[in-house]
Amino acid sequence: MEHFAYRHSDLCCEQVSLRSLAADVGTPAYVYSKAALLEGYRGYDDAFADVPHVVCYSVKANANLGVLGTLARAGAGADIVSGGELFRALRAGFPPGKIIFSGVGKTRDELRDALKAEILMFNVESLGELRALDEIAREMGVRAPVALRVNPDVDPETHPYIATGLKTSKFGIPFAQALEAYAEAASLKGVEVVGADIHIGSQLTRTSPLADAVARVAALVKTLRERSVEVRVVDVGGGLGIRYRKDEAPPTHRDYARVLLPVLRELGVTVLLEPGRSIVGNAGVLLTRVLYRKDTGDKKFVVVDAAMNDLIRPALYDAYHEIQPVAEARLGAPAETVDVVGPICESGDFLAKDRALARTEEGDLLAVMSAGAYGSAMASNYNTRPRAVEVLVDGNRYTIVRRRETYEDLVAGETVL
Ligand code: LLP
């Protein structure tokens with residue numbers, strides 16, 4: 001996270017001090033580095049430069065229009081999973097010809113809207129979906145470009161909630177049924193088979209499960225070609241892990257490409273990628289202020305103004321996010337073991353548990369690191385808390401890319417009887 005570093009005694013995002021930012025926009029606040037975002041995207045674009053490819057940023061990781069627009073302008077495509085994400089992707093300026101539609105439960109309205117928009121490809125996850133898409137496309141007098149998402153049954157070795165490539169998961173068409181499904185797809189007038197798709201899970205910290213999965217899909221593509229089903233696109237999904245703890249060393253873009261490219265190059269396909277976390281995760285922090293300290297005798301708590309509604313990952317996945325003081329001088333304070341907790345009325349509302357932190361005082365600013373992915377995207381209004389402001393920093397300037405919600409925003413659409 002070198003775009004977040006101490007300069008002139010304060011933690012900065014690029015050249016903007018998080019202290020001055022907090023004074024301007026308040027806390028809690030999500031702060032993103034434009035340079036980090038672009039670096040994440042270009043890492044993939046460069047690593048796959050010698051094959052035809054599109055890096056389709058997975059919108060679910062962070063769907064803010066400021067983030068999306070930045071990536072769209074840089075040349076990225078988009079991986080969407082809902083009509084809402086289609087709307088955002090188009091609004092942000094992604095060319096429809098670079099949008100792919102994944103997801104296990106696309107509704108007929110969503111399929112129709114995506115067909116109307118003329119997107120690049122549908123990643124179909126069941127025969128039911130395939131038949132619905134065929135019917136809608138024929139009604140509209142078009143052909144839907146389709147990849148089947150196959151479930152390669154490999155263990156991605158990640159948190160069970162975000163593992164998707166095992167045959168016990170709801171995702172994809174079971175590998176054993178793939179040939180039959182392709183035969184049906186090839187017979188339908190409303191769809192055109194163009195590709196094969198996998199996505200085995202998220203926060204992958206080893207490349208070997210990916211290597212296994214891509215080997216399986218390559219074997220499938222070869223068999224399909226023998227049967228005259230021409231697959232010219234392989235979508236390898238997303239999932240590359242990021243560093244959350246200082247001592248972690250997840251695979252780099254290059255490591256990732258080194259595992260996948262030999263197989264994909266031999267197939268002679270266009271490669272689609274769906275990375276989310278590895279583009280935006282370490283490009284963002286959640287900035288929060290310490291409200292109170294509490295020492296119960298058994299435990300010390302640092303109560304901050306951000307909560308599980310802003311960042312649910314610790315509560316939901318027991319995820320670890322580094323926490324850094326904004327004031328560099330605080331790093332010299334004696335360490336103490338604390339829980340960093342929010343104002344929400346649940347004991348599950350914590351950002352860090354039993355964490356050794358340099359002692360912080362009431363009023364201090366803290367940065368919860370690696371919060372760019374699945375932070376604001378999974379935020380809620382629980383406890384009627386307005387969602388945080390989001391800021392995109394570019395050099396020494398910043399733009400508010402989402403204003404803080406107001407109480408009026410929260411009740412808009414509701415009725416008092
Ligand atoms: N493609 C598909 C089909 C996916 O389901 C996902 C993520 C991605 C791409 C992007 O994966 P990434 O590159 O971001 O790992 N909320 C969880 C992560 C859920 C991931 C869901 N699918 C978390 O905070 O860890």
Side-chain angles (χ1 to χ4, degrees), residues 37 40-41 43-44 54-63 67 71 76-82 85 89 99-106 121-126 129 147-152 156-166 169-173 195-207 209-210 213 217 234-244 248 250-253 256 260 271-284 286 308 310-321 351 368-380:
L37 266 182
Y41 162 68
Y44 281 104
V54 187
V55 181
C56 296
Y57 167 69
S58 194
V59 170
K60 65 172 82 65
N62 186 319
V67 169
L71 294 170
D79 164 48
I80 59 163
V81 291
S82 69
E85 287 190 355
I99 297 177
I100 53 181
F101 195 172
S102 305
V104 74
K106 308 172 190 81
M121 193 169 85
F122 293 80
N123 288 334
V124 170
E125 299 216 20
S126 64
E129 182 191 339
L148 297 189
R149 174 169 175 184
V150 294
N151 184 323
E157 301 173 33
T158 183
H159 189 286
Y161 288 8
I162 55 176
T164 51
L166 281 168
S169 97
K170 70 176 174 180
F171 295 98
I173 293 173
D197 169 44
I198 49 171
H199 172 77
I200 61 170
S202 193
Q203 185 55 17
L204 308 177
T205 50
R206 298 188 48 231
T207 52
L210 279 163
V217 91
V234 169
D235 180 341
V236 294
L240 186 60
I242 62 167
R243 174 180 294 163
Y244 283 102
E248 288 171 336
T252 63
H253 298 108
Y256 181 71
L260 298 179
V271 179
L272 301 184
L273 305 146
E274 304 174 354
R277 187 193 316 264
S278 49
I279 289 182
V280 75
N282 273 333
L286 173 59
M308 67 190 286
D310 301 299
L311 180 66
I312 201 172
R313 302 194 69 258
L316 192 56
Y317 315 112
D318 228 353
Y320 180 98
H321 286 261
L351 299 175
V368 182
M369 310 305 285
S370 310
Y374 306 109
S376 66
M378 295 177 82
S380 77

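Numbering of ligands and ligand atoms starts at 1, following listing order. Note: hydrogens, waters and symmetry copies are ignored here, and every other heavy atom, side chains too, is used.
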Are the charged groups of Lys60 and Asp79 less than 4.0 angstrom apart, N to O?
yes

Run the side chain to side chain contact (heavy atoms under 4.5 Å, CB included) check on Val67 and Leu37 step by step: do they pass?
CA-CA 8 Å; Val67 169; Leu37 266 182; 4.0 Å; yes

Residue list, salt bridge (Lys or Arg N to Asp or Glu O under 4.0 Å) with Asp310, at least two apart or on another chain:
Arg385

Quiz item: cation-pi between Lys106 and Phe101, 6.0 Å / 45°:
yes

At what distance, to the nearest 0.5 angstrom, does CD1 of Ile173 lie from CD of Glu125?
8.0 Å

Contact residues of ligand 1, where a non-hydrogen atom lies under 4.0 Å away
Ser58, Lys60, Asp79, Arg149, Ile162, His199, Ser202, Gln203, Gly238, Gly239, Glu274, Pro275, Gly276, Arg277, Arg313, Tyr317, Tyr374, Met378

Rounding to 0.5 Å, atoms CD1 (Ile80) and CG (Asn123) come to a distance of 10.0 Å

